[in-house]
Amino acid sequence: MGRNEERRHRNDPGPRPGLPLRLSPGVGEHRGADGILRRYLDPGATLFRAPTARRAVNTFVREHAGDLGTVGADLREVGKDEDPATLNVRYQQFHQDVPILGATLQMVADTGQAAVVQVENTTEADVSDAPDVSEARTVDVVEKAALAPFGEGYAAAAVVRDNLAYLRDTSRPPLPEADHPTAPVALLRRGRRRPDGRLHLVHDLIVETAGPFEHFRVVVDAVSGKLLWIELAGRYVTGTLRVYMPDPVTMSGDDTLSSLTTAETLKDLAVEVQTDIADAVGGTFRLDGDWCRCVDWDQSGQLPPESATPSFEFDSHRADPAFLGANAYYWTDSFARYLRSLGNPDLKARMVKVDIDPQGAPGIEKSEWIGTTNPPRMRFDMKLVPGAADLGIIVHEYTHGVVQWLRPGATTALEYEHSICDVMAGIYRDRFNPAGNRRTDTFPYDNNKTESWSKERRLDLTQRFDDAGFATYSADLRTSMLASALWQCYLGMGGSSKHDSARLLAGDKMIKVLLAMVPRLGADTPQSKANAVHMADICIAADAVVHGGLHKNVMRNAFVRQGLFAKPDIDVFIADRLGDTGAVPSGGDNDPFWTSPDIWVRLEPDGQEEHQEPITNRPGNLYVRVHNRGTDDALPDTFTVETRRCNPGTGMTWPTHFKKIGTETIHVPIPAGGSVRVGPRFDNNVGQRNVYPRSSLLGGQTKMSVRLNGGPEPTDGAWELDATAMPPDTRITIRTLSRIVRPPAALRDIALTESGDVRSTLRMKGGDIGVVKGFRLGAVEEVAADVTIDFAHEAVHLQPYDLVTTQLQNDEVAGRLTIEITAVKDLDEWFFGNKHTHEVHISTCPFWEKINQTSKVPFPRIDLALAHGYNGCAYCLPAFDDG
């Protein structure tokens, strides 16, 4: 495709005739003061397309080199991440074969639409002031200057790492307020001078000292040999604290706990944790660290706890108020470190250390963030349940600071800032709440059942922004309505999963979106629905930047349910399961989203809707039902259904394991609220049927083979076999590779009965959930597992009984398959194939009693038995005996 042909794809139309695809705020080019294109956003993927995502990236970098300031620059690809939705390519800028620290170009493309959707550019447009690399002194020459500051106060010092690089001299690391035992402030001031803004060639060194031991980052000008600065690389010790995990109500599930709860009860709800604290000063340890410290600036009369050892263990806040200091310090520090681990560059650059007063003055009735002081402060109330005793309060207040850091220069607060703070607290607390106790309560302990100060601060409200009475709603109610919509976004990303790993990953995803959203939020108008709609728009746009728009449908439907967006005029879907209404998300992973009732097979094109098991090497007829939950009819010839298949198993990678069968255009209108049938032949436009249907006599035996698949990279895996729907006298036997089931793999509720050099056998019973965890699969590896089900002797005739198999890769659900056994008890009018003789019989056959029960395969009709390769018995079915 040539350049002119590529440009024809600009501004493609959207799904509504005559209307372009709606773009979110922030779309377009963002330039710095130097006119350089520093950021480019196009979450709709409509502005710069090419035949492939890779071509889009390459073409953009080439054609926009002038705008990016990269004409003639030495850009080298240093990383590439690609998944089914997004291609992320990272370039590092070099000059004379030496990297320029902080000078990078990041390109993000939508792989489905082959379009660039985001550009982040921190490259150096002008390197004319860069020294020639030939002028660099070797590290052994500059070592003297690097080690000179450590000549006094240390027994020894040595360079243990060297990195030659260019560095734009614009800032210096902050100095600590007081001496550290291994690094006095005077040492860290050595060599410091005002940054000159020039591009320096530097040796970026790590210096290790002994007597005392410490690591320092030392930056030396490689040309002049002069020291630029020294930075402490490590200084903390491990402290032991007792804290609530995450708060007494969530941990216990007891919603009667309040400020009246005894110290003895609360003592049992505190746990021992370890975290970093500063080394002792003058022989005394304090709750002080990188990101927070405890102080008493409110003069409450309760000084922050101190200790001669790095131990701050108190029974509970009722037994000793010093507990509140340990609890507030631990959770503030932990949350700050968690946020930094998510990699948001703006937040990491702007976060500062925070002072915490865990026990405000007696007159303080509300906990608060104070961002006008230096350093910023958090203080917690002591009314009834102290604010510092509830993780939700701590995270909520700290998030006010996060918003402030991400919106530098903003003169007014956000009207819906509390919505962000509330949902951030709820999502983070959910990481420590595997039982799901009161998970939609924003502050379950502080706002407890006995002393509730608000019935509205929740994350599960059903009130809508288009309600007739919206204008009369309180600020707390509107705040919680938007927080509830954001919480639904989190649930749709995987927060509703029963698997801890899926919830953790969903929390990371949603909080990354929130962090990306905040800097882009505009000015507020009090009491405005428009502001909430604006925030919803920016949330979807932020997901396009962070995740390539992977969750746009989940988010859009959450906002539709809360009345922020209008219901789409046309909304087609294929049901995931019985009862699916097409809402996104359609349910958690407890719901069988892989058992679509809208996909079925008929052996003959008779139009009936009862699924029939396909027959190997015989053409079948595939039908699909498509619904429209919109308010307008979907016009004919505007939608198509694409069908793909894969082998029975789990862990399949899209699109590697899925083979396209064909595409069918829907030639008839799909009525609003109705559906149409097409055939024969994490989005609600996708249906999936991973069902292995079989019929079995009571006491019969069914065999099949399934596959476990490795991911694109090697993974640590788990395999869950959920037989809770099977009668307890069912026996399930698995035979697979021995290395899958041997240590370090661990087994739960499934027993190893036979261990061979190559293959081994496992057994479990109905009613249990067997788990094999801890095996390793290579990249794109395929492992077969033979499954034998000796079905129960007691079951309900024609009732299906499911065995659900789930594969996990690196603690994430990678796929599911249902083996559906339909019980056959009534022998009249059924036909039974003999696995060994390949003859088909009826129950009155003289040979009936001689056929082993496990060898009988039931069929409701004779033609199905014959289609599966069975021959009629010469005695009971002579008309179907072909010799």
Side-chain angles (χ1 to χ4, degrees), residues 498 578 590 592 594-595 611 613 648 650 690-706 708 718-736 740-741 746-756 759-773 784-807 816-836 841-843 845 847-860 865 868:
K498 67 178 181 180
L578 285 172
N590 297 326
W594 61 98
T595 59
H611 177 71
E613 182 182 348
T650 53
N690 302 348
V691 181
Y692 211 144
R694 291 291 182 87
S695 298
S696 176
L697 279 172
L698 304 189
Q701 186 180 82
T702 301
K703 294 184 177 182
M704 69 283 294
S705 180
V706 299
L708 303 175
W719 194 27
E720 177 185 283
L721 297 103
D722 185 346
T724 52
M726 291 278 185
D729 60 335
T730 301
R731 295 294 178 265
I732 302 161
T733 304
I734 311 292
R735 188 159 178 80
T736 189
I740 299 296
V741 300
L747 307 180
R748 188 183 74 209
D749 291 332
I750 188 169
L752 180 63
T753 59
E754 179 185 338
S755 180
R759 294 174 67 81
S760 294
T761 302
L762 302 167
R763 285 204 177 93
M764 60 177 291
K765 59 185 178 63
D768 287 343
I769 301 177
V771 177
V772 182
K773 185 174 184 179
D786 297 323
V787 180
T788 301
I789 299 176
D790 291 296
F791 194 57
H793 292 273
E794 294 293 334
V796 178
H797 179 53
L798 297 184
Q799 178 172 314
Y801 296 86
D802 293 344
L803 170 65
V804 180
T805 72
T806 302
Q807 183 185 344
R816 287 194 174 91
L817 172 72
T818 295
I819 299 172
E820 182 183 87
I821 304 296
T822 298
V824 176
K825 184 177 182 179
D826 188 348
L827 302 183
D828 294 342
E829 300 182 358
W830 279 73
F831 302 85
F832 301 89
N834 186 329
K835 294 178 184 178
H836 300 293
H841 305 263
I842 57 177
S843 59
C845 180
F847 294 100
W848 177 256
E849 297 298 333
K850 296 183 179 180
I851 306 173
N852 190 292
Q853 191 77 348
T854 61
S855 299
K856 298 173 183 176
V857 181
F859 296 98
H868 279 80

- Item | Flag side-chain contact, heavy atom, 4.5 Å: Leu697 against Phe832 | yes
- Distance-minimising heavy-atom pair for Ile819 and Met726: O-CE, 4.4 Å
- For Leu698, does its backbone N or O pair with a side-chain atom of Gln853 as donor and acceptor, under 3.5 Å? yes
- Message: Would you say that more than 12 heavy atoms from the other residues, nucleotides or ligands in this model lie under 6.0 Å from the NZ of Lys703, or not?
- Response: no
- Decide yes or no for Trp719 and Thr806: does some side-chain heavy atom of the first lie under 4.5 Å from some side-chain heavy atom of the second? no
- Query: Are the side chain of Asp768 and the backbone of Gly770 linked by a donor-acceptor contact shorter than 3.5 Å?
  - Reply: no
- What's the shortest heavy-atom distance between Val824 and Ser695, and which atoms? CG2-CB, 4.1 Å
- Hey, what do you get for OG1 (Thr822) to NE2 (His797), rounding to the nearest 0.5 Å? 10.0 Å
- Task: Taking atom CD of Glu794 as the centre, report whether more than 12 heavy atoms of other residues, nucleotides or ligands fall under 6.0 Å from it.
- Result: no
- Do you know which two heavy atoms are closest between Ile732 and Ala723, and how far apart they sit? CD1-CB, 3.6 Å
- Donor-acceptor under 3.5 Å (Asn852 side chain, Thr854 main chain): yes
- To the nearest 0.5 angstrom, please state how far the CD1 atom of Ile789 sits from the CE atom of Met704. 4.5 Å
- Note on the structure: One should read off an interatomic distance between Leu708 CG and Thr805 OG1, to the nearest 0.5 angstrom, of 8.0 Å
- Task: Check whether any side-chain heavy atom of Val787 lies under 4.5 Å from a side-chain heavy atom of Val706, and answer yes or no.
- Result: yes
- Query: Are Pro860 and Trp830 close enough that some pair of their side-chain heavy atoms sits under 4.5 Å apart?
  - Reply: yes
- Shortest non-hydrogen contact from Pro727 toward Tyr801: CD-CD2, 3.6 Å
- Message: Using side-chain heavy atoms (C-beta onward) and a distance below 4.5 Å, is Lys856 in contact with Asn834?
- Response: no
- Item | Contact check, side chains of Arg759 and Asp786, non-hydrogen atoms, under 4.5 Å | yes
- Over all heavy atoms of both residues, which pair between Ser696 and Thr702 is shortest? Give the atoms and the distance, please. CB-OG1, 3.7 Å
- Item | Distance in Å, Thr753 OG1 paired with Arg735 CZ, rounded so as to fall on 0.5 Å steps | 8.5 Å
- Message: Do Thr736 and Val741 make a side-chain contact, defined as non-hydrogen atoms from C-beta onward lying under 4.5 Å apart?
- Response: yes
- Item | Spatial distance of atom CG (Asp790) from atom NZ (Lys765) [nearest 0.5 Å] | 15.0 Å
- Mind listing the closest non-hydrogen atom pair of Met764 and Asp749 along with its distance? CB-O, 3.7 Å
- Rounding to 0.5 Å, atoms CG (Leu762) and CD1 (Ile750) come to a distance of 4.5 Å
